[in-house]
Amino acid sequence: RAKEEGRGGWAEFDDHMQTLAVERLRTEGELRRALERGELTLRYQPLVDLATGRTAGVEALLRWQHPRRGLLSPEAFLHVAEDSDLILEIGSWVATEAARHAQAWRAAGCPKRVSINVSAAELLRTDVVATLGRALAETGARATDLMVEVTESAVLTDIEATVVQLEMLRSLGVGVALDDFGTGFSSLSHLRELPADEIKIDRTFVAELGSNPVCDAIVSAVITLAHAIGLVVVGEGIETERQRTHLALLGCHQGQGYLLGRPAPPDKIPC
Ligand code: C2E
Ligand code: MG
Ligand code: MG
Ligand code: MG
């Protein structure tokens with residue numbers, strides 16, 4: 001009996017895995033068509049200078065305008081793209097689209113630095129330098145108007161290869177930001193090895209500012225560290241006035257979050 005139940009469990013697990021695989025394939029096919037039909041779109045969220053209140057740049061955030069399911073966030077579909085070669089095409093589309101908007105803002109007399117997220121899959125499987133180079137050539141945007149955000153998971157897998165790619169980007173003039181800083185395994189050793197211009201303190205730390213003394217201490221230490229080594233430091237996920245004031249008092253250069261501006265279409269970003 002027990003044996004049968006055990007086997008039943010496996011059979012069920014097997015069914016479940018098969019359903020997941022079918023689901024994944026379907027989403028992959030749908031996503032490929034979405035890319036072809038122009039259903040992918042970028043939203044932009046401002047990075048605000050906490051001392052002056054001025055917009056210092058914007059982060060490009062990917063969305064899928066799904067015909068039935070509405071506007072989807074990356075969490076709903078990006079992992080599927082990352083498991084296939086689709087992420088390479090999507091990454092290339094994001095780079096070109098962001099560069100196009102950067103160029104349009106510059107032409108309109110309000111240049112902004114546009115940050116693009118690059119996932120581990122892209123860093124490890126493509127020549128991100130070539131992808132960005134093509135995007136710049138196609139759009140006429142300046143390298144210095146672009147910034148690349150990488151997370152530690154991207155970096156952890158192959159640090160040497162990542163360092164080489166990031167160094168090449170920086171020699172072109174493209175900025176490098178370490179995204180979700182503090183959530184990875186060995187943030188401090190990465191800070192030593194990686195060529196970066198900016199660190200973005202993960203929003204989980206910002207969320208507990210003023211209510212968790214350990215978070216206060218971590219955030220304060222990261223900001224001090226950034227100042228000491230000459231990096232721009234950004235607080236992510238600012239939702240309250242208290243968090244904004246707290247970060248500003250600690251000397252955090254820039255902030256990003258719903259309080260300061262939600263992700264919006266490019267034409268809604270003030271000049
Ligand atoms: P991220 O790069 O850390 O981006 C910040 C995320 O926090 C965004 O989620 C943004 O909408 C959200 N956010 C901003 N302010 C607040 C706030 O005040 N409170 C809260 N709770 N959230 C806030 P989003 O757009 O859903 O993107 C999620 C993640 O997907 C990004 O995290 C990034 O890692 C990835 N991603 C987004 N666009 C792209 C892309 O074009 N390519 C790749 N490879 N990854 C992307
Ligand atoms: Mg980011
Ligand atoms: Mg982040
Ligand atoms: Mg994130």
Side-chain angles (χ1 to χ4, degrees), residues 31 34-35 39-48 50 57-66 70-102 113-126 128 131-132 135 146-155 175-184 187 196-209 222 232-244 246-247 254-266 269:
L31 193 49
L35 186 62
E39 289 169 14
L40 296 188
T41 172
L42 293 180
R43 292 291 179 267
Y44 291 93
Q45 187 178 34
L47 279 81
V48 175
L50 290 177
V58 290
E59 177 175 7
L61 296 163
L62 184 63
R63 298 289 182 267
W64 176 4
Q65 186 66 65
H66 194 284
L71 197 64
L72 302 181
S73 288
E75 273 90 5
F77 62 89
L78 208 61
H79 62 283
V80 174
E82 283 171 347
D83 288 345
S84 75
D85 278 348
L86 207 48
I87 187 62
L88 313 182
E89 285 166 61
I90 291 178
S92 165
W93 179 84
V94 168
T96 308
E97 185 76 353
R100 195 168 67 75
H101 288 137
R113 200 160 211 195
V114 180
S115 296
I116 304 169
N117 290 283
V118 172
S119 66
E122 293 170 78
L123 265 180
L124 297 169
R125 280 155 51 201
T126 52
V128 172
T131 307
L132 276 169
L146 292 188
M147 185 123 193
V148 158
E149 297 192 359
V150 296
T151 58
E152 283 183 78
S153 64
V155 169
V176 170
L178 302 183
D179 206 353
D180 304 346
F181 190 79
T183 57
S187 302
D197 303 279
E198 185 176 299
I199 50 183
K200 302 186 77 175
I201 304 174
D202 192 69
R203 70 174 146 87
T204 52
F205 296 107
V206 174
E208 290 187 53
L209 266 184
V222 170
V232 170
V233 57
V234 183
E236 297 193 274
I238 302 179
E239 294 182 355
T240 68
E241 198 55 61
R242 197 166 153 214
Q243 291 163 351
R244 189 229 300 249
H246 197 136
L247 284 168
Q254 296 172 15
Q256 190 179 352
Y258 297 158
L259 178 78
L260 306 166
R262 294 206 169 238
I269 298 294

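For ligands, and for the atoms within them, numbers begin at 1 and follow the listed sequence.
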> Atoms of ligand 1 less than 4.0 Å from D179 heavy atoms?
Replying inline: 1 (P), 2 (O), 3 (O)

>> I'd like to know if E236 contacts ligand 1, where contact means a heavy-atom distance under 4.0 Å to any ligand atom.
In response: yes

>> Applying a heavy-atom cut-off of 4.0 Å, say which part of L42 lies close to ligand 1: side chain, backbone, both or neither.
In response: neither

> Hey, does L62 come in under 3.5 Å of ligand 1, counting only N/O atoms on both sides?
Replying inline: yes

> So, does Q256 sit close enough to ligand 1 that a heavy atom of it is under 4.0 Å from the ligand?
Replying inline: no

>> Give the atom numbers and elements of ligand 1 that come within less than 4.0 Å of a heavy atom of G257.
In response: 15 (N), 18 (O)

> Backbone, side chain, both or neither: what part of S119 comes under 4.0 angstrom of ligand 1, heavy atoms only?
Replying inline: both

>> Heavy atom to atom 29 (C) of ligand 1, shortest distance: which of Q243, E75, Q45 holds it?
In response: E75

> What part of K200 sits under 4.0 Å from ligand 1 if we count only heavy atoms: the side chain, the backbone, both or neither?
Replying inline: neither

> For E59, is the nearest heavy atom under 4.0 Å from an atom of ligand 1?
Replying inline: yes

> What do the steps show when you test F181 against D202 for side chain to side chain contact (heavy atoms under 4.5 Å, CB included), and what is the final call?
Replying inline: CA-CA 5 Å; F181 190 79; D202 192 69; 6.0 Å; no

> Out of the N/O/S atoms in E59, what is the name of the one closest to the Mg ion (ligand 2)?
Replying inline: OE2

> R244 and L50: which non-hydrogen atoms are nearest, and at how many Å?
Replying inline: CG-CD2, 3.9 Å

> At a non-hydrogen distance cut-off of under 4.0 Å, which region of N117 contacts ligand 1 (side chain, backbone, both, or neither)?
Replying inline: both

> Taking all atoms of both residues into account, what is the closest heavy-atom pair of A60 and V114, and its distance?
Replying inline: CB-CG1, 4.4 Å

>> Please determine whether side chain to side chain contact (heavy atoms under 4.5 Å, CB included) holds for the pair E59 and N117, giving the CA-CA distance in whole Å, both sets of side-chain angles, and the decisive distance to 0.1 Å.
In response: CA-CA 8 Å; E59 177 175 7; N117 290 283; 2.8 Å; yes

>> Residue-level breakdown please: for D180 versus ligand 1, do any non-hydrogen atoms fall below 4.0 Å on the side chain, on the backbone, on both, or on neither?
In response: side chain

>> Using a 4.0 Å cut-off to any heavy atom of V94, which atoms of ligand 1 qualify?
In response: 41 (O)

>> Before you tell me yes or no, could you show the steps for L62 and L42 under side chain to side chain contact (heavy atoms under 4.5 Å, CB included), namely the whole-Å CA-CA distance, both residues' side-chain angles and the distance that decides it to 0.1 Å?
In response: CA-CA 5 Å; L62 184 63; L42 293 180; 4.0 Å; yes

> What atoms of ligand 1 come closer than 4.0 angstrom to any heavy atom of L78?
Replying inline: 43 (C), 44 (N), 45 (N), 46 (C)

> How is the N/O/S atom of D180 that comes nearest to the Mg ion (ligand 3) named?
Replying inline: OD1

>> Heavy atoms only, cut-off 4.0 Å: how does I90 contact ligand 1, side chain, backbone, both, or neither?
In response: neither

>> I'd like to know: is the Mg ion (ligand 2) within the 2.8 Å range of an N/O/S atom from N117, strictly under that distance?
In response: yes

> With a 4.5 Å limit on heavy-atom distance, are the side chains of S73 and R63 in contact?
Replying inline: yes

> For the Mg ion (ligand 2), does an N/O/S atom of E236 lie at less than 2.8 Å?
Replying inline: no

>> Just so I know, are the side chains of D179 and V150 near enough to count as touching, which here means a heavy-atom distance under 4.5 Å?
In response: no

>> Could you tell me if the side chain of I238 sits less than 4.5 Å from the side chain of V206, heavy atoms only?
In response: yes

> Backbone, side chain, both or neither: what part of R63 comes under 4.0 angstrom of ligand 1, heavy atoms only?
Replying inline: side chain

>> Any donor-acceptor pair under 3.5 Å linking the side-chain atoms of R113 with those of S115?
In response: no

> Of all N/O/S atoms in D179, which lies nearest to the Mg ion (ligand 3)?
Replying inline: OD1

> Is there side-chain contact between E97 and L40, with at least one heavy-atom pair below 4.5 Å?
Replying inline: no

> So I116 and L132, side chain to side chain contact (heavy atoms under 4.5 Å, CB included) or not? Walk me through it.
Replying inline: CA-CA 10 Å; I116 304 169; L132 276 169; 4.0 Å; yes

>> List ligand 1 atoms under 4.0 Å from E122, heavy atoms only on the residue side.
In response: 44 (N)

>> Distance under 4.0 Å to a non-hydrogen atom of P263: what atoms of ligand 1 satisfy this?
In response: 11 (O)

> Are E198 and L47 side-chain neighbours, meaning at least one heavy-atom pair lies under 4.5 Å?
Replying inline: yes

> Out of R203, K200, E236, which residue meets the side chain to side chain contact (heavy atoms under 4.5 Å, CB included) rule with D180?
Replying inline: E236

>> Do E82 and S119 pair up side chain to side chain, a donor and an acceptor below 3.5 Å, judged on atom types alone?
In response: yes

> Hey, is there an N, O or S on E149 sitting under 2.8 Å from the Mg ion (ligand 3)?
Replying inline: no

>> Evaluate E82 for polar contact with ligand 1, using N/O atom pairs at a separation under 3.5 Å.
In response: no

>> Out of all atoms in ligand 1, which are within 4.0 Å of some heavy atom of E239? Include the element for each.
In response: 17 (C), 18 (O), 19 (N), 20 (C), 21 (N)

Atom pairs and distances, side-chain donor-acceptor, residues 85-93, under 3.5 Å, sequence neighbours left out:
from: D85; atom 1: OD1; to: R125; atom 2: NH2; distance (Å): 3.1
from: E89; atom 1: OE2; to: R32; atom 2: NH1; distance (Å): 3.4

